[in-house]
Amino acid sequence: MEVRKLGYFTNGGYKESRTEQYGNAYNPSTGEVIAKVPCCTKDEVEEAVANAKTAFPGWSSTPVVKRVQILYRLRELLVEHMDELTHLVALENGKVWEEAKGDVLKAKEGTEQAISAPSLMMGESMMDASTGYDTVLYREPLGVFAGIVPFNFPAMIPMGWMTPMCIACGNTIVLKAASFTPQTCMRIAELYSEAGLPDGVINIVTCSRKEAEILLKHPDIKGITFVGSTSVGMHIYSTAAAYGKRVQALCEAKNHALVLNDAPVARVAAGIINSAFGCAGERCMALPVVAVQEEIADRLVEELVRQAGCIKVGPAYHKDSKLGPVVNGAHKQAVLEWIQKGIDEGAKLVLDGRDVIIEEYEHGFYLGPTIFDNVTPEMTVGQNEIFGPVLCIKRVKNFDEGLALMNQNSYANGSVIFTQNGHYAREFARHTDGGMVGINVGIPVPLGMFPFSGHKSSFIGDLHCLGKDGIRFYTETKVVTTRWFDEEEGKNVNVSTWDGTI
């Protein structure tokens with residue numbers, strides 16, 4: 001495959017970077033380098049910000065009903081190019097075909113939600129808030145936002161979560177794309193231009209953390225939206241907030257499921273398999289830990305091992321593959337080290353996916369499903385995010401012990417219960433720390449009209465992405481109070497006796 005030399009996207013087109021530093025983007029299925037990705041210079045990052053700032057006045061003054069017309073056209077282009085974009089996600093990220101298509105469909109879903117901006121941006125008003133005084137609240141765009149993007153959802157996160165709502169509200173954006181997987185969002189940026197988006201509204205750079213630091217402190221950046229690790233999210237939040245910027249940081253997770261002894265074992269195992277090993281475990285709503293009541297633990301583990309052993313591991317863009325590779329060799333090595341750590345900590349390895357080899361794809365970054373049993377609370381393999389196809393089983397005596405075990409974890413993106421008992425389901429929904437809760441639903445990701453609402457160390461900020469939170473994050477409120485006088489009243493005002501009260 002020809003190795004592409006990528007540029008950066010600004011002011012409606014690509015420019016070649018002047019940098020001397022390029023990184024490798026891989027095809028995870030083969031291990032081959034498919035693109036050289038520039039580490040954009042300080043001047044190029046600032047150029048992208050400047051172009052976004054220049055585009056803001058014209059774009060923000062465009063009526064919102066006209067802004068979303070471009071999103072209507074973009075939605076149709078996403079549908080038209082669905083197979084192309086699906087293949088691109090599979091090629092650069094390693095998701096199997098249906099997962100890659102789901103990534104693009106989530107970008108479409110975020111676009112559709114942003115199309116409702118004319119209704120969502122409507123403010124509030126009151127006539128005679130005080131006698132003769134009328135008050136109106138407006139929602140207005142702020143200016144330039146920066147989006148700092150992870151590698152794991154190359155379509156959904158930059159072009160579903162970040163960009164559509166940001167620009168529908170009248171802002172402009174600079175995306176720092178993930179250097180491992182930048183090509184999908186760049187292709188969608190081209191489709192935005194085809195849909196009629198003015199130059200400079202969307203800008204995309206690739207760079208190191210050093211250059212990204214510019215975005216956190218730049219006076220023309222009004223807010224930061226970030227998805228990634230908690231340590232980086234905390235740095236972004238503390239730095240950008242100190243410079244007066246609003247921040248939403250969606251961070252790590254270690255989602256748990258609680259399986260009670262009345263749950264149908266085979267059906268529950270299928271849901272867990274999909275949640276734990278889908279997207280090779282490289283998603284913040286994966287389900288890497290299951291707390292199961294002791295009475296059915298042996299049966300569930302046996303069923304999980306049986307079903308996971310049937311998963312076909314293969315190249316991402318082969319439509320019969322059910323588990324693709326992880327994103328690159330360095331990430332594979334990190335997951336392998338976590339598996340060894342689990343063994344060293346004393347967890348029982350009941351399914352070992354380390355030795356998977358795919359014929360004719362021997363250099364791909366493959367890992368098979370891996371399952372640990374008898375994971376205890378003090379083992380780090382069951383506490384920290386691995387971001388790979390590794391499932392940990394913890395055994396508990398009852399509902400209360402399972403809920404307490406889950407809630408002691410520092411992350412709380414999502415949590416799940418499998419049960420047929422309505423009382424326990426209700427108690428779980430009330431008392432779990434998880435921000436997104438599933439009851440017999442393995443991946444409790446809400447649709448885009450609801451916020452993606454992680455809790456605890458899985459989120460840093462005040463307003464989540466998507467839903468009404470997304471509108472609030474990308475707009476500022478302005479409250480206007482008005483009073484009018486008739487001719488006689490205006491003539492008879494005695495300023496010297498007015499006490500200033502309303």
Side-chain angles (χ1 to χ4, degrees), residues 96 98-99 253-283 285-314 321-324 326 335-336 338-343 345-356 366-377 379 381-383 385-399 401-402 405-406 409 414-420 428 438-444:
V96 298
E98 287 303 315
E99 295 167 348
K254 193 71 171 180
N255 305 320
H256 283 52
L258 176 58
V259 182
L260 300 187
N261 56 17
D262 65 340
V265 170
R267 177 65 185 86
V268 168
I272 293 169
I273 292 290
N274 179 49
S275 307
F277 303 126
C279 300
E282 296 172 323
R283 56 185 176 190
M285 286 302 288
L287 189 59
V289 183
V290 173
V292 55
Q293 272 194 279
E294 292 173 345
E295 293 93 324
I296 62 167
D298 287 342
R299 288 169 52 208
L300 180 63
V301 170
E302 180 181 355
E303 185 65 17
L304 287 168
V305 171
R306 185 190 71 79
Q307 291 191 26
C310 297
I311 296 174
K312 181 173 181 178
V313 183
S321 297
K322 300 302 179 185
L323 176 60
V326 297
V335 177
L336 288 172
W338 269 113
I339 296 172
Q340 185 58 51
K341 189 171 187 64
I343 295 170
E345 289 179 330
K348 182 180 179 182
L349 187 63
V350 294
L351 184 63
D352 189 349
R354 291 176 293 177
D355 296 327
V356 170
Y366 296 97
L367 287 166
T370 298
I371 301 176
F372 281 111
D373 193 8
N374 299 117
V375 176
T376 57
M379 295 179 183
V381 71
Q383 292 291 92
E385 187 174 63
I386 296 174
F387 227 55
V390 181
L391 175 63
C392 297
I393 308 297
K394 299 178 180 179
R395 298 179 177 227
V396 296
K397 291 183 174 61
N398 51 43
F399 172 85
E401 182 182 333
L405 177 75
M406 298 168 77
N409 192 267
S415 59
V416 174
I417 186 170
F418 291 101
T419 183
Q420 298 302 301
F428 183 84
I439 298 173
N440 300 316
V441 175
I443 310 173

What residues, two or more places apart in sequence or in another chain, satisfy salt bridge (Lys or Arg N to Asp or Glu O under 4.0 Å) together with Lys348? none
Starting at CG of Leu367, measure out to CG of Asp355 and round the result to the nearest 0.5 Å. 10.0 Å
Can you tell me how far the CG atom of Asn409 sits from the NE2 atom of His256, to the nearest 0.5 Å? 5.0 Å
I need the Met406 CE to Asn255 CG distance, nearest 0.5 Å. 8.5 Å
Taking every heavy atom of Leu351 against every heavy atom of Gly309, the minimum-distance pair comes out as CD2-N, 4.4 Å
Taking Glu345 for the side chain and Val381 for the main chain, is one N or O donor matched with an acceptor at less than 3.5 Å? yes
Where do Phe418 and Asn440 come nearest, in terms of heavy atoms and distance? CA-OD1, 3.2 Å
Can you give the donor-acceptor pairs under 3.5 Å from side chains of residues 285-296 to other protein atoms, not counting sequence neighbours?
residue: Gln293; atom: OE1; partner: Asn261; partner atom: N; Å: 2.8
residue: Gln293; atom: NE2; partner: Lys397; partner atom: O; Å: 3.2

pair Glu99-Leu323: side-chain heavy atoms closer than 4.5 Å: no
Not counting sequence neighbours, which residues clear side chain to side chain donor-acceptor pair (under 3.5 Å) with Lys254? List them please. none
Can you tell me how far NZ of Lys312 sits from OG of Ser321, rounded to the nearest 0.5 angstrom? 6.0 Å
CZ (Arg395) and CG (Asp298) are apart, to the nearest 0.5 Å, by 4.5 Å
Going by heavy atoms in the side chains, are Ile371 and Phe277 under 4.5 Å from each other? yes
Can you name the residues that form a side-chain contact (heavy atoms from CB on, under 4.5 Å) with Leu349, not counting sequence neighbours? Ile343, Asp352, Arg354, Thr370, Phe372
Is the shortest heavy-atom distance from the side chain of Trp338 to the side chain of Phe387 under 4.5 Å? no
Do Pro389 and Val326 make a side-chain contact, defined as non-hydrogen atoms from C-beta onward lying under 4.5 Å apart? yes
Is the side chain of Glu98 donor-acceptor paired with the backbone N or O of Lys322 at a distance under 3.5 Å, no angle test? no
Show the nearest heavy-atom pair for residues Gly324 and Val96, with the distance to one decimal. N-CG1, 3.3 Å
Mind checking what makes side-chain contact (heavy atoms from CB on, under 4.5 Å) contact with Glu302, not counting sequence neighbours? none
Which atom pair, heavy atoms only, marks the closest approach of Gly382 to Val375? CA-CG1, 4.0 Å
Taking all non-hydrogen atoms of both residues, which atom of Ala263 and which atom of Val268 are closest, and how far apart? CB-CG2, 3.7 Å
Sole candidate of Asp373, Leu391, Val265 that passes side-chain contact (heavy atoms from CB on, under 4.5 Å) when paired with Val301: Asp373
Would you say that Leu304 contacts Ile393 through its side chain, given a criterion of any heavy-atom pair below 4.5 Å between the two side chains? yes
Quick one: which residue pairs count as a side chain to side chain donor-acceptor pair (under 3.5 Å) with a foot in residues 262-278, not counting sequence neighbours? Asp262-Thr419
For Pro264 and Gln420, which heavy atoms make the closest approach, and how far apart are they? CD-NE2, 3.9 Å
